[in-house]
Every structure is written in C-alpha cells, then in structure tokens.
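The structure under discussion appears below in the form of structure tokens.
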Amino acid sequence: MNKKIGLFLPYFGKFPNCFRLWIKSVAINPEIQFILITDQNLTATLPSNLRVIKKEFKDIQRLIKNKFNKLDIS
C-alpha cells in the first residue's frame, strides 16, 4: 500500500512577503500534496503538488458548522 501525505492549509487575508519563498519550498517537496484554501487570487506559477481552492472564510465557517453539528467557528 502506498502511503501519501496531504496537507490542508487554510489561509485567509493578504499573503505575507515570504509567500513566494513558501511556494518554492512546496515545489522541492513533490512527495507532499499541498491543498491551500484561501480567499486570495494567485497569479504566480504554481508547482504541480499545490492545489488551490478559492473560498471565502464565511463559506468555510458554514461548511464546518454543518459538518460538526453547529459548532461555533470564529
């Protein structure tokens, strides 16, 4: 059985100045699949192991509340 690593990374708001450096670190770790959930638009060329899901924070809140029995998410 092949085991794989996947990281879900929620990040909302403006990306920090070091974000392009983080993208480079993602690229040099091809054995890990990164899933970035963000409200930001990305114009950079992204590595193949980085998937971006564009969602607003309120949509993620609603999803979590529905999945976890109306858990209060702030």
Side-chain angles (χ1 to χ4, degrees):
M1 177 169 106
N2 278 342
K3 293 185 179 184
K4 296 185 180 190
I5 299 171
L7 295 175
F8 285 90
L9 305 158
Y11 195 96
F12 300 96
K14 185 180 175 187
F15 292 124
N17 292 335
C18 62
F19 184 70
R20 289 195 188 275
L21 182 61
W22 179 78
I23 289 177
K24 287 182 180 183
S25 71
V26 167
I28 62 172
N29 288 286
E31 68 281 358
I32 301 173
Q33 178 67 42
F34 294 85
I35 300 103
L36 176 64
I37 304 166
T38 186
D39 57 352
Q40 299 298 301
N41 291 317
L42 290 175
T43 57
T45 302
L46 303 176
S48 62
N49 62 326
L50 174 58
R51 178 177 171 208
V52 177
I53 300 172
K54 186 156 185 328
K55 292 277 186 190
E56 296 295 324
F57 182 71
K58 64 181 180 187
D59 297 327
I60 298 299
Q61 276 183 308
R62 189 178 314 115
L63 178 67
I64 293 171
K65 284 180 182 181
N66 289 339
K67 295 285 182 188
F68 291 99
N69 205 16
K70 309 297 181 204
L71 182 69
D72 187 32
I73 306 297
S74 55

### Query
Which residues pass the side chain to side chain donor-acceptor pair (under 3.5 Å) test with D59, sequence neighbours left out?
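Testing D59 for side chain to side chain donor-acceptor pair (under 3.5 Å), a comparison that skips the adjacent residues, returns R62.
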
### Message
Who clusters with L63? Use side-chain heavy atoms, under 4.5 angstrom, across I, L, V, M, F, W and Y, and order the result by chain and number.
### Response
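Taking Ile, Leu, Val, Met, Phe, Trp and Tyr as members, L63 stands alone, with no cluster partners.
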
### Query
With clusters built from Ile, Leu, Val, Met, Phe, Trp and Tyr whose side-chain heavy atoms come within less than 4.5 Å, directly or transitively, what are the remaining members of the cluster of F34, listed by chain and number?
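For the cluster that includes F34, the remaining residues are I5, L7, L9, Y11, F15, F19, W22, I23, V26, I32, L36, L42, L46, L50, V52.
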
#### Entry: pair Q33-K4: side-chain heavy atoms closer than 4.5 Å
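They are not in contact (no side-chain heavy atoms under 4.5 Å apart), so the answer is no.
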
### Partner set under side-chain contact (heavy atoms from CB on, under 4.5 Å) for F12, not counting sequence neighbours
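Testing F12 for side-chain contact (heavy atoms from CB on, under 4.5 Å), a comparison that skips the adjacent residues, returns P10, I37, D39, F57, I60.
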
### Query
Are there more than 12 heavy atoms of other residues, nucleotides or ligands under 6.0 Å from atom NZ of K58?
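It does not: K58 NZ has 12 such atoms or fewer within range.
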
### Task
Provide the closest heavy-atom pair for A44 versus R20 in the form atom of the first, atom of the second, distance.
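Between these two residues, the closest heavy atoms are CB-NH1, 3.2 Å.
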
